[in-house]
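What you see is a predicted model; the values in this text were computed from it and never measured.
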Amino acid sequence: MKRRDFLKTSALAGAALTLNFEGLQAALASNTMAVEAVPDLVAVMGGEPDVMLDKALEALGGISKYVKKGQKVVIKPNIGWDRTPEMAGNTNPKLVEALVKKCLAAGAQKVTVFDHTCDNWQKCYETSGIADAVKKAGGIIMPANDEKYFKDVAIPGGIKLKSAKIHEALVEADAWINVPVLKNHGGAKMTCAMKNYMGIVWDRRYFHQNDLQQCIADICTWQKRPVLNIVDAYRIMHQNGPQGKSLSDVATLKSLIVSPNIVAIDTAALSLFNQVKKLDIEAVSHIGRGEANHLGTTDLKSLNIKRIKI
């Protein structure tokens, strides 16, 4: 059996955790000085979504470092597709539920969750399991299916994108957390933290018609940045994204990556994706363009990275 086939098959069965984690360790190798400073990025592997979130946030100093008492908080997962959690088309609902609970426990006034979906929004919210997860956790699930929910904002740092209509919940929020699922994408090649911004805007067609990769980098320059990016890689769709066709498109990696640095986290996510299917960073050019826009670094060796295996 070829190594690539072995990885796919084993990951689907949940048996490739050690191999993939070791590959990620190598990809995310940084200096090994024994320091107790808060890491720039945390990569966790081998647990359930809520357990991995606990470990990552603990390493980063706790949720209260990012969410303050009385704040209006928005969590922005990927809920774009009418797909069950097993298909990895959307963010894992268990992760969203755990995060909503943590934000409320930190004293958030309210926690709102939304996405501008591609399929029917009600079906996406229901089939993904995210609507029920948010309600169970005490959060507010809000639609984004009508232009009335969006407000005009300037994107002064943009090259192709100079303005956009952004969801009012996010415009009015005190803090927001970007929670994408890692997966293959036909146009952008990979969708992760930077690409997840497309779910906050009304007119996605403009992106596709005016240099998709640059527009993704441009929207990320909007002045209200996420306080954290949390990449769900419990399951990843490694082909036929962003919707997927069957479970053969999905690999189970039981991984989570967390960082305030959006360029670094997408670079790290690409390294993890490459444990299943090879994809050059040049193909995902919005990452490099984000670095050019001073949004973060692709030089993972320059960062303090903490790797946790459960």
> Would Lys102 and Asp54 satisfy salt bridge (Lys or Arg N to Asp or Glu O under 4.0 Å), going step by step from the backbone distance to the final call?
Replying inline: CA-CA 9 Å; Lys102 284 191 173 295; Asp54 283 344; 2.7 Å; yes
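- A distance-only check finds a donor-acceptor pair linking the side chain of His116 to the backbone of Val201 [under 3.5 Å].
- For the residue pair Asp249 / Asn240, a side-chain donor-acceptor distance below 3.5 Å is found, with atom types taken as modelled.
- Counting heavy atoms from C-beta on, the side chains of Val181 and Asn92 never come closer than 4.5 Å.
- To the nearest 0.5 Å, the span separating CD1 on Ile141 from OH on Tyr125 amounts to 5.0 Å.
- What you find for Ala88 and Lys183 is that their closest heavy atoms are O-CD, 3.8 Å.
- Residue Leu279 is not grouped with residue Met237 when hydrophobic side chains (ILVMFWY) are merged at heavy-atom distances under 4.5 angstrom, including chains of intermediate members.
- Considering every non-hydrogen atom in both Gly241 and Asn184, the closest pair reads N-OD1, 2.8 Å.
- Heavy-atom neighbours of Glu126 CD from other residues, nucleotides or ligands within 6.0 Å: at or below the threshold of 12.
- With a 6.0 Å radius and a threshold of 12 heavy atoms from other residues, nucleotides or ligands, Lys68 has its NZ atom above the threshold.
- Checked by atom type and distance alone, the side chain of Tyr66 pairs as donor or acceptor with a backbone atom of Leu60 at under 3.5 Å.
- Follow the hydrophobic side-chain contacts under 4.5 Å out from Leu41 and you reach Val38 in the same cluster.
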>> Could you go through Phe273 and Val284, starting from their C-alpha distance and side-chain angles, then the distance that decides it, and tell me whether this counts as side chain to side chain contact (heavy atoms under 4.5 Å, CB included)?
In response: CA-CA 12 Å; Phe273 188 91; Val284 194; over 6 Å; no
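- Taken to the nearest 0.5 Å, the SG atom of Cys124 stands 8.5 Å off from the CD1 atom of Ile79.
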>> If you apply the rule side chain to side chain contact (heavy atoms under 4.5 Å, CB included), what do you find for Met194 with Ile262, and how did you get there?
In response: CA-CA 7 Å; Met194 293 180 69; Ile262 197 166; 3.7 Å; yes
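- Under the 3.5 Å distance criterion, the side-chain polar atoms of Arg83 are matched with a main-chain donor or acceptor of Gln243.
- Linking ILVMFWY residues whenever their side-chain heavy atoms come closer than 4.5 Å, directly or via other members, leaves Ile155 and Ile159 in distinct clusters.
- More than 12 heavy atoms of other residues, nucleotides or ligands shown are found within 6.0 angstrom of NZ on Lys162.
- Looking at heavy atoms from C-beta onward, Leu161 lies out of side-chain contact with Asn210 at the 4.5 angstrom threshold.
- Between the side chain of Asp115 and the main chain of Asn78, no donor-acceptor pair closer than 3.5 Å is present.
- A pairwise comparison of heavy atoms in Met142 and Tyr149 identifies CE-CD2, 3.9 Å as the closest pair.
- Pro242 is not listed as a side-chain neighbour of Lys195, based on a closest heavy-atom distance of 4.5 Å or more.
- The side chain to side chain donor-acceptor pair (under 3.5 Å) test with Asn196 is passed by exactly one of Thr191, Asn178, Asn229, Thr91: Asn178.
- To the nearest 0.5 Å, atoms CD1 (Ile63) and SG (Cys103) are separated by 4.5 Å.
- Side-chain atoms of Ile166 and Lys224, non-hydrogen and from C-beta on, never get closer than 4.5 Å to each other.
- Within 6.0 Å of NZ in Lys101 there are more than 12 heavy atoms belonging to other residues, nucleotides or ligands.
- Formation of a donor-acceptor pair under 3.5 Å by the Asp280 side chain with backbone atoms of Glu282 is not found in this model.
- For the pair Pro226 and Ile177, the minimum side-chain heavy-atom distance is 4.5 Å or more.
- A donor-acceptor pair is defined here as one N or O able to donate and one able to accept, closer than 3.5 Å; such a pair exists between the side chain of Asp174 and the backbone of Lys72.
- In this structure, Lys165 pairs ionically with Glu147, as a charged nitrogen and a carboxylate oxygen lie closer than 4.0 Å.
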> Going through the distances and angles, do Ile305 and Asp40 end up as a side chain to side chain contact (heavy atoms under 4.5 Å, CB included)?
Replying inline: CA-CA 6 Å; Ile305 296 173; Asp40 301 302; 5.8 Å; no
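- Using a 4.5 Å heavy-atom cutoff, the side chains of Leu256 and Leu95 are in contact.
- Remark: the Asp82 side chain and the Thr127 side chain contain an N/O donor-acceptor pair separated by less than 3.5 Å.
- Comment: Asp299 does not engage Lys301 in a salt bridge, judged by the lack of any side-chain N to carboxylate O separation of less than 4.0 angstrom.
- Rounding to the nearest 0.5 angstrom, the gap separating the CD1 atom in Ile236 from the NZ atom in Lys277 is 10.0 Å.
- Rounding to the nearest 0.5 Å places CG of Asp266 at 12.0 Å from CD of Glu291.
- Judged by distance alone, with hydrogens and angles left aside, the side-chain atoms of Ser64 form no donor-acceptor pair with the main-chain N or O of Ala106 at under 3.5 Å.
- Across all their heavy atoms, Asn90 and Trp81 have their closest contact at ND2-O, 2.8 Å.
- Here the closest heavy-atom approach between residue Val67 and residue Val73 is recorded as CG1-CG2, 3.7 Å.
- Within the model, atoms NE2 of His167 and CZ of Phe150 stand 5.0 Å from one another, a figure rounded to the nearest 0.5 Å.
- Under the 4.5 Å side-chain criterion, counting only non-hydrogen atoms from C-beta, Ile200 is in contact with Lys76.
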> When you look at Thr297 and Asn261, which way does the side chain to side chain contact (heavy atoms under 4.5 Å, CB included) test go after all the steps?
Replying inline: CA-CA 8 Å; Thr297 181; Asn261 188 322; 3.9 Å; yes
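- Closest of all the heavy-atom pairs between Ile310 and Met52 is CD1-CG, 3.8 Å.
- Within the 4.5 Å cutoff, no side-chain heavy atoms of His286 are placed close to those of Asn293.
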